[in-house]
Amino acid sequence: MAERPEDLNLPNAVITRIIKEALPDGVNVSKEARRAISQAASVFVLYATSCANNFAMKAKRKTLNAGDVLAAMEEMEFERFLEPLREALEVYKKDQKGKKEVSEQKRRDKEKKADSENDKSREEEEEEEEEEEEERMEEEAENEAEEEEVEN
Amino acid sequence: MTMSQNNPDKDDQTSGSKKTISLPLSRVRLIMKSSPDVSSINQDALFLTTKATELFVQHLALSSFNNGSGKETNSLSYSDLANTAEETETFHFLTDILPKKILARDYLKSLEQVQDEEADI
């Protein structure tokens with residue numbers, strides 16, 4: 001699968017924002033410098049990946065895991081990143097867990113609803129539809145009344 | 001007349017300091033997969049690599065700025081980056097993509113010098 005060169009670049013807007021947040025206010029960053037940092041970041045990803053992959057292969061694993069990446073950072077002499085990385089990972093894992101629970105709950109709710117709908121007989125459904133229709137008409141009437149009031 | 005709220009349920013990826021990363025995971029994953037011998041990447045590993053890249057960008061920008069001549073002019077230029085890559089060990093892996101630049105005429109002059117030296121031999 002051939003990747004186009006642009007695909008291996010990181011989005012400029014995000015890179016620019018990260019640079020701006022890292023530097024003191026008002027520092028002028030040349031376009032050339034921004035582009036260079038973006039390319040450097042891509043190279044960093046490749047270097048880190050290759051390094052992490054070595055650790056995985058040593059452990060006879062085919063899947064790169066978190067430990068491999070942390071080991072790679074140490075190997076590349078970016079120990080300063082280790083602490084913030086570990087903290088960020090904890091927050092990330094909590095978020096993921098929360099999201100998973102939310103989506104599982106949604107799925108369970110959906111299933112419950114589907115089950116109870118199947119139990120209803122056709123007659124009941126028709127009755128419900130009639131009721132809904134009545135409600136809608138009432139609402140419409142109310143809204144019209146409101147609008148008239150506003151206009152007045 | 002009521003003002004409508006915009007999407008209070010929408011996953012807030014863009015506001016607040018609570019978000020952990022800005023770079024897109026999918027793009028980082030694409031770059032990682034282009035590395036030879038990499039079969040699969042666990043989700044946590046992808047997250048860490050992305051976060052590390054952000055930290056790296058900050059570190060490179062700030063180091064280059066502090067190290068460079070731009071502190072007086074309050075700017076960060078390409079040459080600040082190239083100099084930092086050469087002078088700082090942890091950034092040595094960048095020297096190929098951040099080469100120092102020289103003026104064309106200086107390069108031509110040095111070429112002439114080499115030719116002269118070879119002529120003397």
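Reckoned from all heavy atoms, side chains included, excluding hydrogens, waters and symmetry mates. Each chain gets a letter, A, B and so on, in the order its sequence line appears, and its residues count up from 1.
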Report the C-alpha distance between B:N67 and B:T84 in whole Å, list the side-chain angles of each, state the deciding distance to 0.1 Å, and finish with yes or no for side chain to side chain donor-acceptor pair (under 3.5 Å).
CA-CA 7 Å; B:N67 186 34; B:T84 300; 3.1 Å; yes
Run the side chain to side chain donor-acceptor pair (under 3.5 Å) test on B:T88 and B:T90 for me, step by step, so that the C-alpha distance in whole Å, both residues' side-chain angles and the decisive distance to 0.1 Å come before the verdict.
CA-CA 6 Å; B:T88 312; B:T90 49; 5.9 Å; no
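Only the side chain of B:L98 has a heavy atom closer than 4.5 Å to any heavy atom of chain A. For a residue to count as touching a neighbouring chain, one of its non-hydrogen atoms must lie under 4.5 Å from one of that chain's; by this rule A:D25 touches chain B with the backbone only. With a threshold of 4.5 angstrom between heavy atoms, A:K31 does not approach chain B through any atom at all. Heavy-atom distances place the side chain of A:Y47, and not its backbone, under 4.5 Å from chain B. Proximity to chain A involves both the backbone and the side chain of B:L23, based on heavy atoms less than 4.5 angstrom apart. Contact annotation for B:L81: only side-chain heavy atoms (C-beta onward) come within less than 4.5 Å of a heavy atom of chain A. Only the side chain of B:L94 comes within less than 4.5 Å of a heavy atom in chain A; its backbone stays farther off. Heavy atoms closer than 4.5 Å to chain B are found in the side chain of A:R80, but not in its backbone.
A salt bridge links A:R61 with A:D68; the closest basic N to acidic carboxylate O contact falls under 4.0 Å. A salt bridge links A:E111 and A:R107; the closest N-O separation between the charged side-chain nitrogens and carboxylate oxygens is under 4.0 Å.
When the candidates B:I41, B:L62, B:T53 are compared by the number of heavy-atom contacts under 4.5 Å with chain A, B:T53 comes out ahead. For chain B, the option among A:P24, A:S38, A:G67 with the highest count of heavy-atom pairs below 4.5 Å is A:P24. For chain A, the option among B:T49, B:T50, B:D96 with the highest count of heavy-atom pairs below 4.5 Å is B:T49. The candidate from A:V27, A:V45, A:L23 with the greatest count of non-hydrogen atom pairs under 4.5 Å with chain B is A:V27. Highest contact tally toward chain A, considering only B:Q43, B:H59, B:M32, is held by B:H59 [criterion: heavy-atom pairs under 4.5 Å]. Annotation: maximal heavy-atom pairing with chain B below 4.5 Å, among A:L70, A:T63, A:V14, occurs at A:T63. Between chain B and the residues A:A48, A:S50, A:S42, A:P11, the most heavy-atom pairs under 4.5 angstrom are made by A:P11.
When atom types are taken as modelled, the side chain of B:D106 and the backbone of B:I102 share no donor-acceptor pair closer than 3.5 angstrom.
Shown here for A:I15 and A:R34, the closest heavy-atom pair between the two residues is CG2-O, 4.4 Å.
For an aromatic pair to be called close, the ring centres must be under 6.0 Å apart, and A:F78 with A:F44 satisfies this.
Counting only heavy atoms from C-beta outward, the side chains of B:S79 and B:K101 never approach each other to under 4.5 Å.
Hydrophobic clustering of Ile, Leu, Val, Met, Phe, Trp and Tyr side chains at less than 4.5 Å, counting indirect connections, unites B:V57 with A:M76.
Between the OG1 atom in A:T16 and the CD1 atom in A:I19 there is a gap of 5.5 Å [rounded to 0.5 Å].
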